[in-house]
Amino acid sequence: MKLLKPLIILLCLSVSIVTAQQLTSPNGELTMQFSLQEDGTPTYKLQYKNQEVIKESRLGFHLKNDKKSLLDDFKVTDTSTSTFKDTWQPVWGEVKEITNHYNQLKVTLTQNETDRIMVVNFRLFDDGLGFRYEFPTQKNLVYFTIKEERTQFAMTGDHTAFWIPGDYDTQEYDYTKSKLSEIRGLFDKAVTGNASQEQFSKTGVQTALMMKTDKGLYINLHEAALINYSCLSLDLDDKNLIFNSHLTPDARGDKGYLQSPTKTPWRTIIVSDDARDILASKLTLNLNEPCAIEDTSWIKPVKYIGVWWEMITGKSSWSYTNDLPSVKLGETDYSKVTPNGTHAANNTKVKRYIDFAAEHGFDGVLVEGWNEGWEDWFGQSKDYVFDFVTPYPDFDVEEIHAYAKSKGVKMIMHHETSSSVRNYERHMDEAYQFMKDNGYDAVKSGYVGNILPRGEHHYSQWIVNHYQYAIEKAAEYEVMVNAHEAVRPTGICRTYPNLIGNESARGTEFQAFGGSKPNHVTILPFTRLIGGPMDYTPGIFEMDISKLNPDNNSHVNSTIANQLALYVTMYSPLQMAADLPEHYEQFMDAFQFIKDVAVDWEDSIYLEAEPGDYITVARKAKGTNNWFVGNVNGKESRTSTIKLDFLDKDKTYTATIYADAKDADYKTNPQAYKISTKKVTSKSKISQLSVPAGGYAISIIENK
């Protein structure tokens, strides 16, 4: 680590600005200017290669029940600057080593009337800007309640945006591509049904927000290190094209309760004239604290299968019986009810999955619906809904544990909370201990439905704190966490790498709920994945859902080659082969790629990228000289041409290419693919057709 002094210039500007400080990025391509307006309102603006990215934008807070909010009447009472450069190694990740290099400017502001102190901390990286508010210990600002954060992001034009509706409870929407000025008119159509949802504005959108300017700049707005704070959304002033911060409220409508000394999450702006740089950025991770877990040897990337997709499609059920209109745990006697015959989490079926996992080299098996209470788990505002330790009569925990252990397979626990947060917390220690006693090292948690306590939202401060509590408590038991329906990630996996996955977006399950847009997976890496990996659950081979459930006419809008590519393009250390074993057994030659592909990487190179259109990624498997390439395509056919110059120059490799057949069609012929092999070197090129919602996957194995 080196501490140097970056370029900072004190400026005397127009009459409306009292003072200004300018900060440059280490490579000199980004410039941030902080200013105080004449009335003491703090502002900032950002340039990239002399192009304006963010116009003058205000900073501050509107406080509740306070005569003087933290909006204006400030003077600069101190500034400090530094440069930081270091490298660190993630426990798992897209690359083996990450460089953290930024120039920092801290501006201390004192409010004239109240003598309150607010520090704005700016960190300028080569790929973007992060800034946050810091409140030191002080006598005039101790406990305070946020009515609204007043951070702005003033756009320079009517950019093209890839957005989902601003919502306090879900991110499970398809993305809409439009001009900023068109959001209001398209908003209602963009809102689709969900188990829990509440929008706040016809121009509200969620982060990470991806945009492209008419001049070819790519801009991403998000946040990093969301700790003890409400989740950030953006509310667009579409007359002036200014995004205003909008925090998720609690049941009382308050946006956050703070106690100094404290600090907010980072607000992030990633910018480049090359879309590949957005995907490769590590800015979000770098703005989080280093790993807080001393011994991380128990945290391991996982490739798994599971008893899940057949319930999602409606082929099978989570519940054990159809006899019970209601369940009371500890009172309901399941030995006296009639099994429904559709319950999937039974010993025979689970052993079938364990056998398949063992035969094909998978690390784990997830089982959902194993525990009592699924008959009335949803929509009843039920507090004591699950106890997370009591199995149904047809699922023998000890027997399954022993069987899996004999096969060298780990079981993955499922904890659906039905959003009864208090109930989960009071059972958490016992549930995690139960996991450890029975050989479960990882848990998939879920938060379906409206939050209990009633009136709280999935993304409000108290619930955000619950998700963090669950991660930290799990670490005490050496349990890895994959949280579904939780707040979207903000890089916290750097600090707590036992958070090996999240859903928090529209995942594969929605392909069985009517389908997703054919270019959905070409947008997610630019949006949801900016904050951390997603448990997207790829690998569907049977696209016609009616073949699993005649009452479900949904269709998976993807080709098989596209599904294979997702294991590379949708980065995650937790990857599921989500389809049924019998479907893989019909296409074992294509299934080979899922078996071979790594889940932890030494290096990642983004070869091609355009949000909404295509992404091509090459990744080197950790500890090997083997590479895997994935390409996912959008709505138009395209020929992808890539160079293999990332390969070692003195080595030869065998490339196995899994590609769309010429007649492949994601709707009418999604299972049409071709597999070919060829010898390649670092001088080789590959040109490959990708049909709409198609793509290709390549394994490149070193010749010994």
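Here the structure is a predicted model, which is why all the values come from computation and not from measurement.
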### Task
I would like to know whether Gln563 and Tyr658 meet side chain to side chain donor-acceptor pair (under 3.5 Å); could you show each step before the answer?
CA-CA 11 Å; Gln563 289 290 311; Tyr658 304 77; over 6 Å; no
#### Entry: side chain to side chain donor-acceptor pair (under 3.5 Å) evaluation trace for Asp355 with Tyr403
CA-CA 9 Å; Asp355 289 342; Tyr403 190 79; 2.6 Å; yes
### Message
Under the criterion side chain to side chain contact (heavy atoms under 4.5 Å, CB included), I'd like the reasoning laid out for Leu564 against Val597: C-alpha separation, chi angles, the key distance, then a yes or no.
### Response
CA-CA 9 Å; Leu564 297 180; Val597 69; over 6 Å; no
### Task
Apply side chain to side chain donor-acceptor pair (under 3.5 Å) to the pair Asp274 and Tyr606, showing each step before the final yes or no.
CA-CA 11 Å; Asp274 188 333; Tyr606 289 89; over 6 Å; no
### Task
Decide yes or no on side chain to side chain contact (heavy atoms under 4.5 Å, CB included) for Arg619 and Glu94, but give the supporting numbers first.
CA-CA 8 Å; Arg619 303 192 195 274; Glu94 294 183 88; 2.7 Å; yes
### Query
Checking salt bridge (charged side-chain N to carboxylate O under 4.0 Å, His left out) for the pair Lys517/Asp174: CA distance, chi angles, key distance, verdict?
CA-CA 7 Å; Lys517 292 180 180 178; Asp174 254 323; 5.6 Å; no
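A donor-acceptor contact shorter than 3.5 Å is absent between the side chain of Asn626 and the backbone of Ala621. Proximity of a side-chain donor or acceptor of Ser684 to a complementary backbone N or O of Thr681 within less than 3.5 Å is detected. With hydrogens and angles disregarded, a donor-acceptor distance shorter than 3.5 Å links the side chain of Asn220 to the backbone of Phe526. Between the side chain of His222 and the main chain of Met210, no donor-acceptor pair closer than 3.5 Å is present. With Gln171 contributing its side chain and Ala505 its backbone, the two residues share no donor-acceptor pair below 3.5 Å. The main-chain N or O of Ser516 is found under 3.5 Å from a side-chain atom of Gln511 such that the two form a donor-acceptor pair. Side-chain atoms of Glu509 never come within 3.5 Å of backbone atoms of Ile312 as a donor-acceptor pair (strictly under, hydrogens ignored). Side chain of Lys635 to main chain of Asn519: no donor-acceptor pair is present (N/O by atom type, distance under 3.5 Å, no hydrogens or angles). Panel note: side chain Thr508, backbone Thr537; a donor-acceptor pair is recorded below 3.5 Å. The backbone N or O of Ala565 lies less than 3.5 Å from no partner atom in the side chain of Asn631, so there is not a single donor-acceptor pair.
Aromatic pair Tyr392/His343: ring centres closer than 6.0 Å. Under the 6.0 Å cut-off for aromatic ring centres, Tyr353 and Phe356 do not qualify, their centroids lying 6.0 Å or more apart.
Nearest heavy-atom pair across Asp613 and Asn633 is O-OD1, 3.3 Å. Minimum interatomic distance between Lys349 and Asn346 (heavy atoms only, all atoms of both residues): N-OD1, 2.9 Å. When all heavy atoms are compared, the tightest approach of Gly695 to Thr559 is N-OG1, 4.2 Å. Here the shortest heavy-atom pairing between Asp665 and Lys667 reads OD1-N, 2.9 Å. The minimum heavy-atom distance between Leu566 and Gln575, with the atom names listed, is O-NE2, 4.2 Å. Of all heavy-atom pairs spanning Phe593 and Val568, the tightest one is CZ-CG2, 3.9 Å.
Under a cut-off of 6.0 angstrom, the local environment of NZ in Lys177 is sparse, with at most 12 non-hydrogen atoms contributed by other residues, nucleotides or ligands. Counted within 6.0 Å of CD on Glu636, heavy atoms from surrounding residues, nucleotides or ligands total 12 or fewer; the atom is thus considered open. Residue-environment remark: CD (Glu398) stays at or below the threshold of 12 foreign heavy atoms within 6.0 Å.
A cation-pi geometry, defined here as NZ or CZ lying under 6.0 Å from the six-membered ring centre and within 45° of its normal, holds between Arg638 and Tyr614.
If you take CG on Asn322 and CG on Asn340, they are separated by 4.5 Å, rounding to the nearest 0.5 Å. Met570 CE to Arg528 CZ: the interatomic distance, rounded to the nearest 0.5 Å, is 7.5 Å. In this structure, the separation between CD1 on Ile412 and CG on Asp441 is 9.5 Å, given to the nearest 0.5 Å. Between the OG atom of Ser316 and the CE atom of Met311 there is a distance of 7.0 Å, given to the nearest 0.5 Å. Rounded to the nearest 0.5 Å, atoms CD1 (Ile701) and OG1 (Thr656) are 7.0 Å apart. Remark: Asp579 CG to Ile560 CD1 distance equals 9.0 Å, nearest 0.5 Å.
A donor and an acceptor atom, one from each side chain of Asp596 and Tyr567, are nowhere located under 3.5 Å apart. A donor atom on one side chain and an acceptor atom on the other are not found under 3.5 Å apart for Tyr653 and Asn625. With no hydrogens or angles considered, no side-chain donor-acceptor pair links Asn562 and Tyr673 at under 3.5 Å. In this structure, a donor-acceptor pair under 3.5 Å is present between the side chains of Tyr173 and Gln197. In the model, Asn703 has no side-chain atom that pairs as donor or acceptor with a side-chain atom of Lys651 under 3.5 Å. Tyr175 and Thr527 are linked by a side-chain donor-acceptor pair at a separation below 3.5 angstrom, with hydrogens and angles left out of the test. Looking at Tyr447 and Glu503, their side chains never bring a donor and an acceptor atom within 3.5 Å of each other.
In this structure His484 satisfies the ring pair (Phe, Tyr, Trp, His ring centres under 6.0 Å) test with no other residue, sequence neighbours excluded. The salt bridge (Lys or Arg N to Asp or Glu O under 4.0 Å) search around Glu585 returns Arg352, not counting sequence neighbours.
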Report, one line per pair, each donor and acceptor closer than 3.5 Å where one atom sits in a side chain of residues 639-647; sequence neighbours left out.
unit_1, atom_1, unit_2, atom_2, d
Ser640, OG, Glu608, OE1, 2.6
Ser640, OG, Tyr696, OH, 2.8
Thr641, OG1, Ser687, OG, 2.9

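Taking the six-membered ring for Trp and thresholds of 30 and 60 degrees, Phe541 and Tyr584 have ring planes more than 60 degrees apart, a perpendicular arrangement. Ring-plane geometry between Tyr536 and His520 is classed as tilted, the angle between the planes lying from 30 to 60 degrees on a 0 to 90 degree scale.
A side chain to side chain contact (heavy atoms under 4.5 Å, CB included) with Lys315 holds for exactly one of Leu580, Asn552, Thr342; it is Leu580. Evaluated for a ring pair (Phe, Tyr, Trp, His ring centres under 6.0 Å) with His415, the options Trp377, Phe388, Tyr440 yield exactly one hit, Phe388.
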